[in-house]
Amino acid sequence: QAQLAESGGGLVQAGDSLRLSCADSGWRQSTYPMGWFRQAPGKEREFVAAISWSGNTTYYSDSVKGRFTISRVNAKNTNYLQMNSLKPEDTAVYYCAARVRSGGYDVSRSYDYWGQGTQVTVSS
């Protein structure tokens, strides 16, 4: 059962850009730090990006640093993942999550609320 709703995924070519959006489905996400994770076929879920509750601090995995940007608009209970210079290895289902547990920002078990995911496919 999803608590958040992602949108903006699709099929693109290498080098293209996409912007993913994450909106809440009945609660105030602005009170929590938020994160994005992704899972490709045959691979484990991996951390992509995270943002503090205020939006003043962001974190990125080495694989997306310099290409992806996370941001949030708390008044709309929405956050965004801007993805530029997409590569075939970025192909995965992308999940938005809210961090409500103690632990590292890059660990999936630190997050308690999740969306159902949006598919991003990048062709070569």
Side-chain angles (χ1 to χ4, degrees):
Q1 183 172 330
Q3 294 94 359
L4 303 168
E6 305 96 337
S7 63
L11 174 62
V12 298
Q13 298 181 29
D16 285 353
S17 297
L18 284 173
R19 188 177 75 161
L20 306 183
S21 299
C22 173
D24 80 82
S25 56
W27 59 280
R28 193 193 303 272
Q29 72 166 263
S30 61
T31 63
Y32 299 102
M34 303 296 296
W36 286 89
F37 292 78
R38 67 186 182 186
Q39 187 166 18
K43 300 180 66 176
E44 296 184 351
R45 186 185 303 173
E46 65 175 345
F47 168 76
V48 177
I51 188 168
S52 64
W53 68 269
S54 68
N56 292 330
T57 306
T58 57
Y59 309 90
Y60 300 94
S61 68
D62 290 339
S63 62
V64 308
K65 190 174 300 180
R67 299 187 298 119
F68 291 11
T69 302
I70 187 172
S71 61
R72 69 190 304 166
V73 180
N74 287 343
K76 296 183 178 181
N77 288 325
T78 303
N79 76 87
Y80 306 92
L81 184 68
Q82 177 68 45
M83 306 186 296
N84 297 328
S85 302
L86 284 163
K87 305 175 181 179
E89 51 263 46
D90 294 319
T91 296
V93 176
Y94 283 71
Y95 298 92
C96 176
R99 183 178 184 271
V100 297
R101 300 179 181 181
S102 62
Y105 60 83
D106 58 346
V107 179
S108 62
R109 58 181 174 269
S110 298
Y111 296 78
D112 204 35
Y113 298 105
W114 294 83
Q116 64 182 2
T118 185
Q119 177 71 49
V120 173
T121 303
V122 185
S123 63
S124 60

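Residue numbers count from 1 along this sequence.
Scanning for salt bridge (charged side-chain N to carboxylate O under 4.0 Å, His left out) contacts around Arg45 gives an empty result, with sequence neighbours left out. Judged as a side-chain hydrogen bond (donor to acceptor under 3.5 Å, both in side chains), and not counting sequence neighbours, Gln39 has no contacts. Residues satisfying the side-chain hydrogen bond (donor to acceptor under 3.5 Å, both in side chains) criterion with Ser7, sequence neighbours excluded, are absent altogether. Not a single salt bridge (charged side-chain N to carboxylate O under 4.0 Å, His left out) links Asp106 to another residue, sequence neighbours left out. Here Tyr105 pairs with Phe47, Tyr59 under the ring-ring contact (aromatic ring centres under 6.0 Å, His included) rule; sequence neighbours left out.
Smallest separation of non-hydrogen atoms from Gly8 and Thr118: N-OG1, 4.3 Å. The two residues Ser110 and Ser102 come nearest to each other via the heavy atoms OG-O, 3.7 Å. Among all heavy-atom pairs drawn from Tyr60 and Ala49, the shortest one is CD2-CB, 3.7 Å. The heavy-atom pair separating Val48 from Leu81 by the smallest distance is CG1-CD2, 4.2 Å. The minimum heavy-atom distance linking Gly117 with Val93 is given by the pair CA-CG1, 3.8 Å.
Contact check for Met83 versus Arg67: no side-chain heavy atoms found under the 4.5 Å cut-off.
Aromatic ring orientation, Phe68 versus Tyr94: tilted (interplanar angle from 30° to 60°).
The other members of the hydrophobic cluster of Val73, by chain and number, are Tyr80 (side-chain heavy atoms under 4.5 Å, ILVMFWY only).
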Item checked: Lys65 and Asp62: CA distance, side-chain angles, deciding distance, salt bridge (Lys or Arg N to Asp or Glu O under 4.0 Å) verdict -> CA-CA 5 Å; Lys65 190 174 300 180; Asp62 290 339; 3.6 Å; yes
